[in-house]
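Note sheet for the following structure.
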Amino acid sequence: MAPTTDVLAALRDIHLPEAVAFWPLAPGWWALLAGALSVAAIAGFVVRRRRQSVRRAALRELDAAQREFGSTGDTAALAVSLSSTLRRVALARFARAAVAGLHGDEWLGFLAANGPAGGFPAEVGTSIERAVYADPRSTSQRDGEAWLAAARAWIRRVS
């Protein structure tokens with residue numbers, strides 16, 4: 001047997017497989033994408049629901065304050081109730097450090113700056129502030145209704 005002279009010439013060259021295509025994605029990537037979208041949708045739903053729960057609770061408190069005001073006519077109690085509700089909504093929606101220390105004109109300025117398009121009316125805020133310490137007979141039913149309307153608009157805007 002005579003050895004062939006060029007054994008390597010008889011071998012075939014190395015054939016590389018085709019490059020892996022980016023598209024279509026493998027089933028595992030589709031599952032990961034579907035899972036990420038599901039988590040994002042659930043997180044969005046939870047955030048939206050939590051935000052609306054603050055609004056619903058605050059509006060329920062305003063309804064209760066309105067019913068009590070309708071039966072008693074006590075503007076001082078209404079003013080206290082509105083002030084505490086507005087403050088709690090602000091603490092829930094904004095940074096605690098930015099809201100907790102506000103009082104007087106700074107608090108009214110905060111309400112005006114973060115309120116509806118027209119802002120929280122300064123005269124409403126001032127009359128609420130005065131009514132806490134004033135004679136309950138010094139304010140009228142119309143004042144109480146204006147306070148409630150302004151508080152509702154502010155709560156709907158920020159929460």
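These values consider heavy atoms only, across backbone and side chains, with no hydrogens, waters or symmetry-generated copies.
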Next on the checklist: Between Asp63 and Arg152, does the salt bridge (Lys or Arg N to Asp or Glu O under 4.0 Å) criterion hold? Intermediate values first, please.
Outcome noted: CA-CA 10 Å; Asp63 290 340; Arg152 276 185 213 291; 3.0 Å; yes
[X] to [Y] - nearest heavy-atom pair and separation:
X: Glu61; Y: Thr85; result: OE1-OG1, 3.0 Å
X: Arg87; Y: Ala100; result: NH1-O, 3.9 Å
X: Leu62; Y: Leu148; result: O-CD2, 4.0 Å
X: Gly101; Y: Glu106; result: O-OE1, 4.4 Å
X: Val99; Y: Ala90; result: CG1-CB, 3.7 Å

Item to check | Side-chain donor or acceptor of Ser81 paired with backbone N/O of Leu78 under 3.5 Å | outcome: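 Between the backbone of Leu78 and the side chain of Ser81 there is no qualifying donor-acceptor contact (under 3.5 Å).
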Item to check | Any side-chain heavy-atom pair of Val54 and Ile155 under 4.5 Å | outcome: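 Of all side-chain heavy-atom pairs linking Ile155 with Val54, none is under 4.5 Å.
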Checklist entry - Within a strict 4.5 Å, meaning less than it, do heavy atoms of the Trp154 and Val89 side chains meet? => result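 The answer is yes, as the side chains (C-beta and beyond) meet within the 4.5 Å cut-off.
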Checklist entry - On the ring face of Trp147, is Arg142 found with NZ or CZ under 6.0 Å from the centre and within 45° of the axis? => result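 No, Arg142 does not sit over the ring of Trp147.
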Checklist entry - Going hydrophobic residue to hydrophobic residue with side-chain gaps under 4.5 angstrom, can you get from Leu111 over to Val80? => result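 No: no chain of side-chain contacts under 4.5 Å links Leu111 to Val80.
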Checklist entry - If you group Ile, Leu, Val, Met, Phe, Trp and Tyr by side-chain heavy-atom gaps below 4.5 Å, do Val124 and Val132 land in one group? => result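 Shared cluster, no.
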Side chains of residues 20-31: which donor-acceptor pairs under 3.5 Å do they make with residues two or more places apart or in other chains?
unit_1 : atom_1 : unit_2 : atom_2 : d
Trp30  : NE1    : Leu25  : O      : 3.3

Quick one: [atom1] on [X] to [atom2] on [Y], what's the gap to the nearest 0.5 Å?
X: His103; Y: Leu108; atom1: NE2; atom2: CG; result: 11.5 Å
X: Arg88; Y: Leu91; atom1: CZ; atom2: CG; result: 9.5 Å
X: Arg130; Y: Asp143; atom1: CZ; atom2: CG; result: 11.5 Å

Checklist entry - With Phe69, which residues qualify under ring-ring contact (aromatic ring centres under 6.0 Å, His included), at least two apart? => result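 Phe69 satisfies ring-ring contact (aromatic ring centres under 6.0 Å, His included) with no other residue.
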Next on the checklist: Can you tell me if Glu145 has over 12 outside heavy atoms packed within less than 6.0 Å of its CD?
Outcome noted: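 Enclosed: over 12 neighbouring heavy atoms sit under 6.0 Å from CD of Glu145.
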Item to check | Residues Leu59, Arg156; criterion side chain to side chain contact (heavy atoms under 4.5 Å, CB included); working and verdict | outcome: CA-CA 9 Å; Leu59 292 176; Arg156 285 189 176 120; 4.1 Å; yes
Next on the checklist: Ring centres under 6.0 Å, that's the criterion: do Phe110 and Phe94 meet it?
Outcome noted: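 Distance test on ring centres: under 6.0 Å, yes.
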